[in-house]
Amino acid sequence: MTFNARRLNKEDLDLPCQELAIYLLGKVLVRKLEDDTILKGRIVETESYLGGEDKASHSFNGRRTSSNEPMYMPVGTCYVYFTYGMYHCFNISSRESGAAVLLRALEPFQGVEIMEKFRSNRNKSKQAVRKKIKTSKLCDGPSKLCISFDITKENSNKIDLTDPENDSLWLEDDPDHPDWDRKEMKIVKSARIGINRAEEWNSKPLRFYVLNNESVSKRDKMAEMMIENDENVE
DNA sequence: CGTCTGATTGTCT
DNA sequence: GACAATCAGACGG
């Protein structure tokens with residue numbers, strides 16, 4: 001049951017990479033499957049990947065291949081990247097050409113049973129040993145959210161999230177959802193996760209997540225302390 | 001809670 | 001041929 005959900009358009013998303021990453025926190029990713037099932041999750045963790053100087057970005061130094069092409073496409077284009085031989089990562093291109101926002105975690109609230117099915121079907125461990133995944137942990141990582149939402153390079157790469165003709169994947173503003181109070185949302189800024197090369201870019205605060213949200217993939221205690229201190233000052 | 005390791009394959013050099 | 005924007009499971013405190 002949701003209220004006043006509004007689909008986000010080009011103008012909403014037309015922001016520089018880092019601003020878009022922050023803007024997306026609290027927004028809702030919606031997926032409509034072939035059988036019309038609707039999956040929804042609130043975005044609670046994002047990362048910015050800039051172009052040019054950003055060594056951790058696939059578009060570093062203007063690098064342009066058939067694979068990273070969506071990073072150079074208009075705002076709101078999906079860039080799905082296949083990695084580690086078995087996982088996908090889901091990005092949304094930003095205003096600047098060659099920059100995109102990686103979605104790292106969602107708080108699922110609709111279609112949870114389907115997500116559980118997608119997740120456990122991937123697990124190769126024996127059924128008997130298989131543990132039930134906590135709802136808040138269904139999408140607490142960039143590849144886990146792709147598995148839960150059945151997002152692959154094949155079915156979602158280069159899709160325009162703002163195209164009204166596209167009814168399989170889009171974003172919504174959902175300010176009046178009963179169990180979500182936007183005013184309570186505090187944003188933590190920390191270093192990105194899983195970046196090995198890229199030296200000095202490792203430390204830059206290009207990851208953004210909602211403080212105290214159970215679905216965040218990895219907490220940064222130091223960064224969270226900074227926020228607590230800021231509160232005391234006010 | 002934290003740290004470590006094996007799995008697995010498309011993509012680029 | 002080496003690497004990768006990860007994950008699940010194992011093990012230690």
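A, B, ... follow the sequence lines: proteins, then strands. Residue 1 opens every chain. Any value given below was found using the heavy atoms of this structure, including those in side chains, with hydrogens, waters and symmetry copies removed. Just so it is clear, the model here is predicted, and its values are computed rather than measured.
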Measure [atom1]/[X] against [atom2]/[N] and give the value in whole Å, please.
X        : N      : atom1 : atom2 : value
A/His88  : B/dT8  : NE2   : P     : 16 Å
A/Lys137 : C/dC7  : NZ    : P     : 12 Å
A/Asp140 : C/dA5  : CG    : C1'   : 16 Å
A/Arg119 : C/dC7  : CZ    : P     : 8 Å
A/Ile193 : B/dG2  : CD1   : C1'   : 14 Å
A/Glu69  : B/dT11 : CD    : C1'   : 15 Å
A/Leu102 : C/dT6  : CG    : P     : 8 Å
A/Arg64  : B/dT13 : CZ    : C1'   : 20 Å

Could you verify whether a donor N or O on one side chain and an acceptor N or O on the other, from [X] and [Y], lie under 3.5 Å apart?
X        : Y        : value
A/Gln18  : A/Tyr23  : no
A/Ser215 : A/Glu107 : no
A/Glu45  : A/Ser217 : yes

Of all the nucleotides listed ([options]), which has the minimum atom distance to the side chain of [X]?
X       : options               : result
A/Thr65 : B/dC12, C/dC7, B/dA7  : B/dC12
A/Ser67 : C/dC7, C/dA4, B/dT11  : B/dT11
A/Arg63 : B/dT13, C/dA5, B/dA7  : B/dT13
A/Phe82 : B/dT11, C/dT6, B/dG10 : B/dG10
A/Tyr87 : C/dA4, B/dT8, C/dC7   : C/dC7

How is A/Arg207 classified with respect to the nucleic acid when contacts are heavy atoms under 4.0 Å: base, sugar-phosphate, or nothing?
->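 Answer is nothing: A/Arg207 stays at 4.0 Å or more from every strand.
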
Report which part of the nucleic acid A/Tyr79 touches: base, sugar-phosphate, or nothing (heavy-atom distance under 4.0 Å, all strands).
->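 Touches a base.
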
OP1, OP2 of [N] versus side-chain N and O of [X]: anything below 4.0 Å?
X        : N      : result
A/Arg122 : C/dA8  : no
A/Arg104 : C/dT6  : yes
A/Lys218 : C/dT6  : no
A/Lys153 : B/dT11 : yes

Aromatic stack A/Tyr84/C/dT6: centroid gap under 5.5 Å, interplanar angle under 30° |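 Yes; by the centre-distance and plane-angle rule, A/Tyr84 counts as stacking on C/dT6.
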
Atom CG in A/Leu39, atom CD in A/Glu113: separation rounded to 0.5 Å?
->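 If we round to the nearest 0.5 Å, A/Leu39:CG and A/Glu113:CD are 9.5 Å apart.
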
Helical stems, DNA chain B - three or more consecutive Watson-Crick or G-U wobble pairs below 3.5 Å |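 Stems (3+ consecutive pairs) listed as B:1-7 with C:6-12, B:9-12 with C:1-4.
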
Is A/Arg207 salt-bridged to A/Asp220, going by a charged N under 4.0 Å from an acidic O?
->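 A/Asp220 and A/Arg207: not salt-bridged.
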
Apply side-chain contact (heavy atoms from CB on, under 4.5 Å) to A/Val188 and A/Ile227, showing your working.
-> CA-CA 7 Å; A/Val188 182; A/Ile227 294 218; 3.9 Å; yes

Is the distance between the ring centroids of A/His58 and A/Tyr49 less than 6.0 Å?
->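 No; A/Tyr49 has its ring centre 6.0 Å or more from that of A/His58.
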
Is there a donor-acceptor pair closer than 3.5 Å between any side-chain N or O of A/Asp12 and the backbone N or O of A/Asn9?
->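 Answer holds: yes.
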
